[in-house]
Number of protein chains: 2
Amino acid sequence: MPKETLETELLYLDQQLCFRLYTASRLIIRAYQPLLKELDITYPQYLVLMLMWEWKDKDQESSTVGQLGQRLQLDSGTLTPLLKRMESKGLLERFRGLEDERERHIRLTDQAIAIREKALAWMQLAREGERTKGLDLEALSGNLDALIDSFS
Amino acid sequence: MPKETLETELLYLDQQLCFRLYTASRLIIRAYQPLLKELDITYPQYLVLMLMWEWKDKDQESSTVGQLGQRLQLDSGTLTPLLKRMESKGLLERFRGLEDERERHIRLTDQAIAIREKALAWMQLAREGERTKGLDLEALSGNLDALIDSFS
DNA sequence: AGTTATTATATTGTGCGCAATATAGTTGTT
DNA sequence: AACAACTATATTGCGCACAATATAATAACT
């Protein structure tokens with residue numbers, strides 16, 4: 001048995017915010033599987049779609065790998081192959097920047113724009129059968145934003 | 001532009017709890033890298049160590065893959081190769097259950113028990129330079145527990 | 001203009017996460 | 001005992017994450 005019980009408890013899983021975040025994240029991503037399976041994409045691919053749908057609402061038709069990476073906190077080692085897979089599935093086009101040929105630009109295809117409606121319908125249904133009834137989502141989101149901000 | 005702006009906002013990243021969790025989780029795991037690099041392990045391997053250190057305090061010297069998986073919410077497809085890597089690094093022993101030979105038991109080596117002190121010292125230091133000053137960790141943990149519970 | 005530094009992305013390699021399936025050991029039934 | 005059902009773990013395959021490095025285009029400097 002350790003000498004100082006109070007101190008070793010620092011390492012117990014129930015004391016670890018990180019483990020809670022890691023577990024909560026994976027569990028909720030699992031809850032998206034029915035939608036993701038229907039759309040035939042993965043969760044990170046869904047994030048790219050959501051981001052570009054949103055930017056399209058703001059009249060930005062294309063994005064660079066760097067812009068996506070900054071918003072999603074993902075680097076090119078993750079995004080480059082992910083975007084290639086999405087391209088090969090017909091969800092987006094990849095093309096070089098005209099003024100700066102180092103840049104790789106991404107633009108959604110009509111097919112990718114079309115499935116937004118499916119996602120929206122699913123989210124509206126999911127909101128009905130909400131499993132987060134008892135908790136303060138505002139407070140949780142606020143705390144997570146503060147956390148993300150201080151670790152960015 | 002979409003017809004019903006209020007509804008499409010359901011799909012905006014800032015409305016997504018899941019994206020916050022996913023990002024917060026990855027950012028905080030990154031913050032553990034200095035420790036993990038020093039111990040020459042990964043974050044999921046660190047979780048296994050923490051769990052088995054804790055169980056050892058409670059006089060449980062060994063665990064099965066199933067017990068680890070239940071607590072960490074990970075399946076054998078993740079744990080089996082992870083535990084083999086930990087075994088090959090000399091952190092643990094893997095052996096079959098005596099009464100039930102389907103069970104794979106895990107026991108930490110002295111080397112794995114020894115590095116607990118390093119982890120503890122690092123955590124104590126990290127607590128000093130805490131980056132989570134401004135937020136209510138109690139409330140955050142409570143909300144995450146409720147979330148994890150309802151999605152388990 | 002030619003050289004150096006910087007920037008944007010791509011590549012490589014390792015280790016998860018997880019769905020799907022396989023295998024081997026155990027339990028229950030007749 | 002034989003066989004079916006069940007259980008615990010292992011295997012396979014794919015797609016992230018991310019560190020480390022490479023490559024190519026641009027910018028900055030002299």
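To find a chain, count down the sequence lines: A is the first, B the second, and so on, and within it residues start at 1. Scope of the values below: all heavy atoms of this structure, side chains included, with no hydrogens, waters or symmetry mates.
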Using heavy-atom distances to pick each residue's nearest nucleotide on DNA chain D, tell me which of A:I29 and B:G66 is more 5'.
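So the residue in question is B:G66.
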5' priority, DNA chain D, between A:L74 and A:E101 [closest heavy atom]
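So the residue in question is A:L74.
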Reckon B:Q67 touches a base, only the sugar-phosphate, or nothing at all at heavy-atom distances under 4.0 Å?
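Nothing, no heavy atom under 4.0 Å.
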Quick one: is C:dA10 close enough that its OP1 or OP2 comes under 4.0 Å of any side-chain N or O from A:T80?
yes
Report yes if a side-chain nitrogen or oxygen of B:Q73 is closer than 4.0 Å to either non-bridging phosphate oxygen (OP1 or OP2) of C:dC18; otherwise report no.
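Checking C:dC18 against B:Q73, no side-chain N or O comes under 4.0 Å of OP1 or OP2.
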Given [options], which nucleotide is nearest the side-chain atoms of [X]?
X	options	answer
A:T78	C:dG15, C:dA10, D:dA17	D:dA17
A:R30	C:dC18, D:dA20, C:dG15	C:dC18
A:R94	C:dA10, D:dC18, C:dG17	C:dA10

Is any side-chain N or O of A:R102 under 3.5 Å from a base N or O of C:dT7, one able to act as donor and the other as acceptor?
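Side chain to base: pair present.
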Grab the [atom1]-[atom2] distance between [X] and [N] for me, whole Å please.
X	N	atom1	atom2	result
A:D100	D:dT23	CG	C1'	14 Å
B:L83	D:dT11	CG	P	12 Å
A:E103	C:dT6	CD	C1'	14 Å

